[in-house]
Engineer: 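Just passing along the structure, written as structure tokens.
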Amino acid sequence: MSTKSQRVAYGETLVELGKENNNIVVLEADLGKSTMSCLFQNEFPERYFEMGIAEQNMTSTAAGLALAGKVPFINSFAVFTSGRAYDQIRQTISIAKLNVKICGSSSGLSDFGDGSTHQAVEDAAIMRAIPNMTVLVPVDAVETRKMVRAAAQYDGPVYLRINRNDLPIITDEDSLFEIGSIYTKREGKDVVIFANGVMVSKALEAAQELEKKGISAKVINVSTLKPLNESIIKEAVKGYKAVVTAEEHSVIGGLGSAIAEALRGETNFPIEFVGIKDVFGTSAHNYDELLEYYGLTAKAIEEAALKLVGNQGGNKL
Amino acid sequence: MVSKDVVKLVEEKALALRHHIVDMIGLSKVGHLGGSSSCADIVAALYFYKMKNDPKNPKLPERDRFLLSKGHAALVQYAALAEAGYFPKEELKKVKELGAMLQGHPDMTKTPGIEANTGSLGQGLSIANGIALGLRLDQKDSKVYVIIGDGELAEGQIWEAAMASSNFKVDNLVAIVDRNRLQATGAIADRFNTNPITPKFEAFGWNVIEIDGHDVEEIIAALDKADEVKGKPTVIVAETVKGKYISFAENNAAFHNGAMTPEQYETAKKDLESLKV
């Protein structure tokens, strides 16, 4: 399985978009070599604004550029775009649904060395709570390309949660990406695993192991965290016994919460969350070590599924 | 020098705006009487002298843009928009009521002529920079005007934006500081001192013009002079009085956001009547 980083795909797609549309502008807060917005800078210096280490000003400036008809992409680490500039995103951009694209780069634990200050474990929850916001979580570099294009085409604020590291490519160039759709990566009969980002490939691994134990798991890539259509989620679990969610994010407010919200009111239907258990990140030597430390593994997903349906209990919906 | 007729027109409009402000609060509402009145002359000069704008076509591409970074003073902008004809004056009576077009703070999604949602303080100058940069990319010669409060200068983002304006040599933007020297709870100098203002902006690379913010001739002259400054941003530091021309509200922090008694309402109207030329 080949691998590629989402952030390189992101930067390359910005360049493609820049060639197609003169209104694409890019703002950066001194992390261009990490977010890969530097690729756009090289091609279109006149449409690239180095805003210095001042994320709040960058965000409101982007609001102004959108008001002048531009399609601004703002860039920093996820922890800063979602956190440092939260109020700017909420007040001017989101209330008026301005056409600003927010790149939350090095999201989750993917900036493994830098520790808790730089690891965004709650960014998706923060962004998801804001009315009018769209939240996208790409599964790989290929989906990232489609997502950046979809974000540019969509008229309104979009938060893109971009991973820093090389991740397995599990989607193909020809498959469709639409904001608001979910994508089944593997069919199954007993349990549904909803996952996004790096956790989709781990869910697929878990499904293989579960198969050996006689449990058939369907794996769905929920790369649009918001808007999440309740009826699509309800339809996806119909006839199944249980749901596991898996995300590289706090169990509070992210994918698990979104799925639980969608399935509320369904009786006697077990759900288990695989995610970061309401704690901050920490430094580690490499990414995999950190994912393991926080229990973001195929094994954890497998165990969550076994806990719910291992005894073949529960009712089918 | 502009003609006496122009000055008189702006003065009349400023007086009309103050009447609208008092009437919008009336007897049943709480409102930002002080900070709306302090910048009424500036707002009148912008809408009725300086800015290219078309009330019948609020999205006119060639228009100049106006942002009220101190969005709590929305009443003065609503008064100007109604007076200019962006919407019927009857809307003013419904300000801040459920379902009203006129919200507690400026809302571009509801009110024609509002350019951005402002009111979370400290953000308007950044937004103005973004609009100005966008206009410059498109080689449009519209200007962007933004009014900032002196209390608002405590917000760090103002200074991020001030650095950005000069870094990008944004000369199609004019910031105006409504220096009424009071914030919600009292005198700025006694609370969190944002003074001095002029040396700060100069140090940040700005052209600074100091004026009496209630002298219409000075306001107009400063706005015109700002057009001549190229390669750097201009800020007009306007000395103003909170609650100007309303006797009980002048320099009174209680009317930052307050309600009027029937007696105060009568007094306010009489104070303004007495200004009639």
Side-chain angles (χ1 to χ4, degrees), chain A residues 18 21-30 40 44-74 76 80 84-102 130-132 155-157, chain B residues 59 61-69 71 103-111 114-140 142-144 146 155-170 172-173 204:
Chain A
N21 182 352
N22 278 331
N23 282 326
I24 303 280
V25 296
V26 173
L27 296 87
E28 178 56 71
D30 197 35
F40 189 93
F44 308 104
E46 73 289 352
R47 283 191 270 146
Y48 184 86
F49 298 96
E50 175 51 73
M51 300 303 295
I53 307 159
E55 296 78 10
Q56 299 174 356
N57 180 54
M58 170 174 73
T59 304
S60 300
T61 305
L65 281 157
L67 288 166
K70 302 297 165 191
V71 185
F73 281 75
I74 63 173
S76 184
F80 304 128
R84 188 69 176 253
Y86 167 77
D87 190 59
Q88 288 73 11
I89 292 171
R90 180 193 189 278
Q91 305 288 8
T92 305
I93 294 172
S94 301
I95 293 178
K97 219 178 166 202
L98 298 186
N99 200 17
V100 177
K101 317 305 168 188
I102 302 153
I130 303 176
N132 290 339
D155 185 14
Chain B
K59 295 284 176 194
E62 298 79 30
R63 74 192 184 280
D64 293 325
R65 270 70 163 179
F66 172 73
L67 300 176
L68 193 59
S69 189
Q103 296 287 297
H105 287 78
D107 188 338
M108 62 175 279
T109 69
K110 295 190 164 68
T111 312
I114 298 290
E115 299 283 358
N117 287 51
T118 52
S120 178
L121 294 176
Q123 300 180 13
L125 185 55
S126 307
I127 301 165
N129 276 332
I131 297 174
L133 289 168
L135 291 168
R136 189 164 83 184
L137 278 175
D138 290 341
Q139 296 173 317
K140 296 203 173 124
S142 301
K143 293 200 87 149
V144 186
V146 54
E155 291 279 6
Q157 189 183 343
I158 289 286
W159 302 103
E160 293 182 6
M163 276 188 278
S165 308
S166 78
N167 177 67
F168 292 111
K169 301 182 169 54
V170 180
N172 54 343
L173 170 152
F204 278 68

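Lettering follows sequence order; numbering is per chain, from 1. This one's a predicted model, so the numbers in the text were calculated from it and none came from an experiment.
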Engineer: As an exercise, state the distance from CD of Gln157(B) to CD of Glu55(A), rounded to the nearest 0.5 Å.
Structural biologist: 11.0 Å
Engineer: Under 4.5 Å heavy-atom distance to chain B, tell me which part of Ala62(A) shows up: side chain, backbone, both or neither.
Structural biologist: neither
Engineer: Which one wins on heavy-atom pair count under 4.5 Å against chain B: Arg90(A), Arg47(A), Gln88(A)?
Structural biologist: Gln88(A)
Engineer: Given that the side chain runs from C-beta out, which part of Leu98(A) has a heavy atom under 4.5 Å from chain B: side chain, backbone, both or neither?
Structural biologist: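 Side chain only.
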Engineer: To the nearest 0.5 angstrom, please state how far the CD1 atom of Ile93(A) sits from the CD atom of Gln123(B).
Structural biologist: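 Ile93(A) CD1 to Gln123(B) CD: 9.0 Å, rounded to 0.5 Å.
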Engineer: Would you name the heavy atoms of Glu46(A) and Leu137(B) that are closest together and state the gap between them?
Structural biologist: O-CD2, 3.5 Å
Engineer: Do any N or O atoms from the side chain of Glu160(B) and from the backbone of Asn57(A) form a donor-acceptor pair under 3.5 angstrom?
Structural biologist: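 Such a contact is found between Glu160(B) side chain and Asn57(A) backbone.
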Engineer: When only pairs under 4.5 Å are counted, which of Leu135(B), Leu125(B), Asp138(B) shares the most heavy-atom pairs with chain A?
Structural biologist: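 Looking at each of Leu135(B), Leu125(B), Asp138(B) in turn, Asp138(B) comes out on top.
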Engineer: Give me the atom names and distance for the closest heavy-atom approach of Leu65(A) to Gly134(B).
Structural biologist: CD2-N, 3.5 Å
Engineer: Can you tell me if Thr92(A) uses its side chain to pair, donor with acceptor, with the backbone of Asn117(B) under 3.5 Å?
Structural biologist: yes
Engineer: Decide side chain to side chain contact (heavy atoms under 4.5 Å, CB included) for Gln91(A) and Ile127(B); before the verdict, give the C-alpha distance in whole Å, the side-chain angles of both, and the deciding distance to 0.1 Å.
Structural biologist: CA-CA 11 Å; Gln91(A) 305 288 8; Ile127(B) 301 165; over 6 Å; no
Engineer: Using every non-hydrogen atom in the two residues, find where Thr109(B) and Ile95(A) come nearest and quote the distance to one decimal.
Structural biologist: CG2-O, 3.9 Å
Engineer: Sort out for me which residue in Met108(B), Arg65(B), Glu115(B) forms a side chain to side chain contact (heavy atoms under 4.5 Å, CB included) with Leu67(A).
Structural biologist: Met108(B)
Engineer: Might you confirm whether atom CZ of Arg136(B) has over 12 heavy atoms from other residues, nucleotides or ligands at distances under 6.0 Å?
Structural biologist: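 Atom CZ in Arg136(B) is packed in, count exceeds 12.
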Engineer: Would you say Asn167(B) and Glu50(A) make side-chain contact, with heavy atoms under 4.5 Å?
Structural biologist: no
